[in-house]
Amino acid sequence: MRFDIFSVFPAYLNALQLSLVGKASEGGAIDIAVHDLRDWTEDRHRTVDDTPVGGGAGMVMRADIWGRALDSAFDIDLGRENPRRILAIPTPAGYPLSQEICTDLARNSDQIVIACGRYEGIDGRVAEHYASREEVEVFEFSLGDYVLNGGEVAALALVEAVARLVPGVIGNPESLVEESHGSAGLLEYPTYTRPLDWRGESVPQILTSGDHGRVARWRRDEALRRTALRRPDMIAALDAQKLDRRDRAALGQHGWYWRAKPELGEHPIKPVLEITDKRQLASDYADLAARTFPDACPKTMAAEDIEAFIAGNLSEEAFAGYIASPRHVLVGLRDQQCRLIAYSLSLLPEGDGAAGIEDGAPVDAVLSDGERIGPLIELSKFYLDQEWRGSGLAGKLMTATLKALSAQTREWERPYIWLGTNAGNRRAQGLYSKLGFELVGRRQFMVGEQNNDDVVMARTLDVSY
Ligand code: JD8
């Protein structure tokens, strides 16, 4: 791999003689040539710039100077057929430089010629001219969304980022694997060394446990946590099919979810929350409710009873009523395509909780903390779209529901939320137990003409959020 770097400040690139890159060019693993652009000027003032055509501040670097200089680099015989020659032009208007691009350049290019501009930049015809030459590929790149005074810093970054990926430059290629922006698509976890205690700060104990499995998990969770906090765009680009149950737990804490059985190309998302708001679309809720309610019914239940219940309680009109009603709290979660993927419907009692209590409400229940149950809110409906069951989204929906209800019952003293679910529905009872609900009783529940045995579960509302 050969680098040719052109600049009016060639000394700026002296840093490349240091450290790994310096050793690599001394050792021949790579070749680095730095050229003073003024060597291709023809006037005694060695002028490389002129005023901008069309007016404007500052000066622009001349195409004719750059043409002679760059031609000299592209005329170099690289000793192989059809070499891949790159003209890399740093500019704040360029494509963002990335590890993926650096990896491709390190693996698949033979010469990278870097044109370091100054002043207002280089005459635009230079990039166009070389892009028209088939033996050269032009790559206008940016180091990041901030403005530098010239291209030299970007050139230093490009050479170091590419050269260290060239086989033979880094002693132990293993160390490249877990780096930030590596194949895992995550930021790297924090690292530590001796002294194990420093200014009262100890190294995380797990790292001295010798339990390699737990250390690896801790590092993975730290990489996920850091990335979720600092680079959510990278989480949104992760391949959900490559994430495991522990990743789901770690990212769920930062609001990222994906379907239980992700499809190819599926990425984690941050579902969009909506809470009782006149703009909620009753039709969306009715659709999701009609699709999911049957899953909570025993298989033995007659379809017409289920349809009768849906028609009577989960129709678009019914949801329009819930949205308009001050006693109902409707919480929804939508995916990136604005599809409604989960909802809960709660019913507040009238006034301070004394009236409007539904049949079957566990008014006399005492929970495991020995406290008598207080004002009661009914969690009437709590449903996830089939594809999102097992995704951890139920926890998010319950959190959002309890928060919304807390906001509406601030002045109440220890409010409680209760629900009824079919006595045979172990999956649902297991989920509610995990979400903090306790078994407090039983009730009969009519679906159409069919009477059902329900268990009644309850929990405090205080989610100490
Ligand atoms: C090349 C001239 C300075 C830029 C007028 C300030 C890259 N991420 C980046 N930020 N800035 C650059 C960059 C800046 C350069 C040149 C790269 C050549 N300038 C100009 C336009 C506004 N001055 C960069 N990569």
Side-chain angles (χ1 to χ4, degrees), residues 1-16 18 21 30 32-41 45-74 85-106 109 111-131 136-165 180-181 187 230-231 233-234:
M1 159 73 76
R2 176 188 172 91
F3 295 91
D4 287 280
I5 309 161
F6 292 83
S7 164
V8 291
F9 297 116
Y12 218 116
L13 288 306
N14 289 350
L16 295 173
L18 306 172
V21 174
I30 57 174
I32 299 178
V34 177
H35 312 278
D36 183 340
L37 180 69
R38 296 188 190 281
D39 293 349
W40 282 269
T41 59
H45 298 299
R46 291 165 68 79
T47 308
V48 297
D49 61 331
D50 204 334
T51 55
V53 175
M59 300 292 276
V60 176
M61 302 186 92
R62 293 168 57 100
D64 53 349
I65 312 288
W66 274 109
R68 286 194 290 272
L70 298 173
D71 282 358
S72 72
F74 292 126
R85 301 177 189 265
I86 309 291
L87 171 55
I89 305 177
T91 163
Y95 295 94
L97 184 61
S98 68
Q99 188 68 8
E100 187 185 0
I101 291 169
C102 292
T103 304
D104 165 58
L105 290 173
S109 62
Q111 179 189 35
I112 299 179
V113 176
I114 309 175
C116 301
R118 279 276 153 174
Y119 314 105
E120 297 313 303
I122 300 173
D123 184 306
R125 289 169 292 177
V126 172
E128 287 156 20
H129 167 71
Y130 287 99
V136 176
E137 282 175 52
V138 174
F139 171 46
E140 293 187 83
F141 74 96
S142 169
L143 214 44
D145 298 346
Y146 41 82
V147 178
L148 304 167
N149 285 336
E152 285 76 12
V153 170
L156 286 168
L158 180 67
V159 172
E160 179 155 317
V162 172
R164 64 193 299 279
L165 301 175
S180 291
H181 312 296
L187 300 182
R230 300 176 184 183
R231 293 292 307 275
D233 58 299
M234 293 173 72

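In listed order, ligands and their atoms are each counted from 1. Only a predicted model underlies this, so the values are computations on that prediction, with no experimental measurement involved.
Checking only distances, Tyr146 does come within under 3.5 Å of ligand 1, N or O to N or O. Note: an N/O pair closer than 3.5 Å links Leu143 and ligand 1 by distance alone. Note: an N/O pair closer than 3.5 Å links Ser142 and ligand 1 by distance alone.
Looking at Ala154 against ligand 1, only its side chain comes within 4.0 Å, counting heavy atoms. Within the 4.0 Å heavy-atom criterion, the part of Thr91 lying near ligand 1 is the backbone and not the side chain.
When only non-hydrogen protein atoms are considered, atom 3 (C) of ligand 1 lies nearest to Leu148 O, 3.2 Å. Counting protein heavy atoms only, atom 12 (C) of ligand 1 is closest to Pro92 CD, 3.6 Å. When only non-hydrogen protein atoms are considered, atom 1 (C) of ligand 1 lies nearest to Pro90 O, 3.2 Å.
Each of the following atoms of ligand 1 lies closer than 4.0 Å to a heavy atom of Val147: 6 (C), 10 (N), 11 (N). Residue Phe141 approaches ligand 1 through these ligand atoms, each under 4.0 Å from one of its heavy atoms: 25 (N). For ligand 1, the atoms lying closer than 4.0 Å to a non-hydrogen atom of Tyr119 are 2 (C), 3 (C), 19 (N), 20 (C), 23 (N). Close approach of ligand 1 to Arg118 (heavy-atom distance below 4.0 Å) involves ligand atoms 2 (C), 18 (C). Under a 4.0 Å criterion applied to the non-hydrogen atoms of Asn149, ligand 1 contributes the atoms 2 (C), 3 (C), 19 (N).
Using cut-offs of 30° and 60° on the angle between ring planes, the pair Phe6 and Trp66 is perpendicular. The aromatic rings of Phe74 and Tyr130 sit tilted relative to each other, their planes meeting at an angle between 30° and 60°. Below 30°, between 30° and 60°, or above 60°: for Phe141 and Phe139 the angle between ring planes is below 30°, a parallel geometry.
Contact detail for Arg38 and Thr41: the closest heavy-atom pair is O-OG1, 2.6 Å. Considering every non-hydrogen atom in both Thr51 and Met59, the closest pair reads N-CE, 3.7 Å. Taking both residues in full, the closest heavy atoms of Met61 and Arg118 are given as SD-N, 3.1 Å, listed atom of the first, atom of the second, then distance. Residue Val8 comes nearest to Glu152 through the heavy atom pair N-OE2, 4.4 Å, listed as atom of the first residue, atom of the second, then distance. Residues Asp49 and Thr47 come closest through the heavy atom pair O-CG2, 3.3 Å.
Side-chain contact between Val48 and Tyr119 is present, with at least one heavy-atom pair separated by less than 4.5 Å.
Close to ligand 1: Gly144, with a non-hydrogen atom less than 4.0 angstrom away.
Checking Glu120, Glu140, Glu152 against atom 5 (C) of ligand 1, the nearest heavy atom belongs to Glu120.
The main-chain N or O of Gly144 is found under 3.5 Å from a side-chain atom of Ser142 such that the two form a donor-acceptor pair.
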